[in-house]
Amino acid sequence: MPNSRDYMARLGFDAQELSSRRHFFQLTDEDLARLAALRPFAERHNDAIIDAFYNELLLQHPESRLFFTDQAVFRRAVTAQKRYFLQLFSGVCDLDYMEDRLRVGTTHQRIGVAPKWYLGAYAHYLRLISSHLFREQGSSPDSELSNRSIQKIVFFDMSIAIETYIAAGVEAIQRHQSAIRELSTPVIQISERVLLLPLIGTIDTVRAQQVMEKMLARVVEAQARVIILDIAGVPVVDTRVANHLLQTTEAVRLLGATTILTGIRAQVAQTLVQLGVDLSTMHTCSSLQEGLEMALSMTGRAITTRGA
Amino acid sequence: MTVRVLSHQEMNIDNEDDVVLVRRAVRTLAEARGFDSFAVSALTTAATELSRNVWVHARKGKAFIEEVTDGDRTGIQVEFVDQGPGIPDIEWSMAGGHSTAKSLGLGLSGSKRLVDAFHIESEPGKGTRVRITKWKRF
Ligand SMILES: Nc1ncnc2c1ncn2[C@@H]1O[C@H](COP(=O)(O)OP(=O)(O)OP(=O)(O)O)[C@@H](O)[C@H]1O
Ligand SMILES: [Mg+2]
């Protein structure tokens, strides 16, 4: 879980972004001063607004209610919401403020509150604030301006939270992808001294590195003598993949073991020849079966038919 | 021999995943047009090499994938264009076994052998343009 500082940096939330965003949202120093002046109002109405927010909206809505089945979770959310509400009226909008709003996004992403709930809830929240404001201060040019300042900062907040929500989602996907990558490069122990590495899918730079490191570690750990690299599942064997195979073979050789390349389709064989790739430093077999037999005979074993 | 373009597709290459996307697009088209599996392998491998060259040596560029006909045959033509550093000595780079990237240096020369027509032009400081064509065999 990256911390919010990292996120700030990664999303480019710096002083310049802050000022350009404030400019775009027309969130001026006067707005902030007006919000600060509304602080006593906010303190007077905090409980009423937040309680109404939870009781009228969230708890009436079956899907939102599911987030709050636990009383402790509910109380914590209400407390956080009250703190959040007062911050709107702090009169400060700096990088710390931004970071705080960013956490709203990462938290929502983590617990699975989709933007539609967030936006819908915020719209309701905003209506609650306005009606409390106009009820207390009446409708006047002054309260209109106050209301506008509140709207600006709320939308400013939402922009940060939603951007972060999306970025956190993308990161989650990337984490899953790297997990899948790891999963998709299993090193299988065939016999005491023989390892099998079935390569599947596209071998990009990152994966090539991972595969190589993982395999070399296993070679040492298992004191393997023979490593079978099966490329039947690799869609295209180009110079990049060939280079990777050659380097792996060389590293394996330095560890005192031998590599056998299997699963070479006829099309791949012809393509490699035309490319001019020389794989003569590797033992090669067209099928995995043959490769296994070769590996076992190299380690003084054999596949035999029972009872023969 | 006049070559007519039947379909045209344009793809950006500016990260490593794009190399895979270009390759997939070329493979899909070649398979859909009934190229035999050896030709599909040759063409997709050449397309992979050349789009990776764009990515590795020029950092960004484009691939234009075209389905063409010369009246009798259908073919697939792919052009790779970048505004990267260019190749100072094409002969040296095409000789095979020469690489400025500590790789095998077989991408260009190998691609040429994998296709029916290969055209390269490059100017240092301006960029590189490589066009390959593979005709469908009967
Ligand atoms: N698009 C390009 N822009 C600039 N230079 C290029 C480009 N394509 C190729 N080159 C130059 O030509 C050389 C040979 O290219 P080639 O594809 O044959 O080998 P490589 O990319 O170095 O290694 P590999 O065998 O992995 O492809 C490269 O090392 C590079 O110097
Ligand atoms: Mg290359």
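Each chain gets a letter, A, B and so on, in the order its sequence line appears, and its residues count up from 1.
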Using heavy-atom distances under 4.5 Å, tell me whether V277(A) contacts chain B through its side chain, its backbone, both, or neither.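 When you check distances to chain B, atoms from both the backbone and side chain of V277(A) fall under 4.5 Å.
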For L272(A), which atoms come within 4.5 Å of any heavy atom of chain B: side chain, backbone, both, or neither?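 Neither part, no heavy atoms under 4.5 Å.
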Locate the shortest heavy-atom distance separating Q274(A) from A42(B); write the atom from each residue and the value.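 Taking Q274(A) first and A42(B) second, the nearest heavy atoms are OE1-CB, 4.5 Å.
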Show the nearest heavy-atom pair for residues E49(B) and D238(A), with the distance to one decimal.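 In this case the closest contact between E49(B) and D238(A) is OE2-CB, 3.0 Å.
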What residues of residues 19-35 of chain B sit under 4.5 Å from chain A when only non-hydrogen atoms are counted?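 Listed by number, the contacting residues are V20(B), R23(B), R27(B).
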If you check every heavy atom in residues 92-104 of chain B against those of chain A, which residues fall under 4.5 Å?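 Hits under 4.5 Å: K102(B), S103(B), L104(B).
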Give a yes or no on this: more than 12 heavy atoms of other residues, nucleotides or ligands lie within 6.0 Å of atom CD of Q83(B).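 Check fails, neighbour count at 12 or below.
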A quick test of your reading: do over 12 heavy atoms of other residues, nucleotides or ligands sit less than 6.0 Å from CD of E10(B)?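 Yes, CD of E10(B) has more than 12 neighbouring heavy atoms, counting only those of other groups under 6.0 Å.
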For side-chain contact (heavy atoms from CB on, under 4.5 Å), just list the numbers for L275(A) and L114(B), CA-CA rounded to whole Å, side-chain angles, deciding distance to a tenth of an Å, and then say yes or no. CA-CA 7 Å; L275(A) 270 179; L114(B) 288 168; 3.7 Å; yes
Please tell me whether Q270(A) and S41(B) have a donor and an acceptor in their side chains that are separated by less than 3.5 angstrom. no
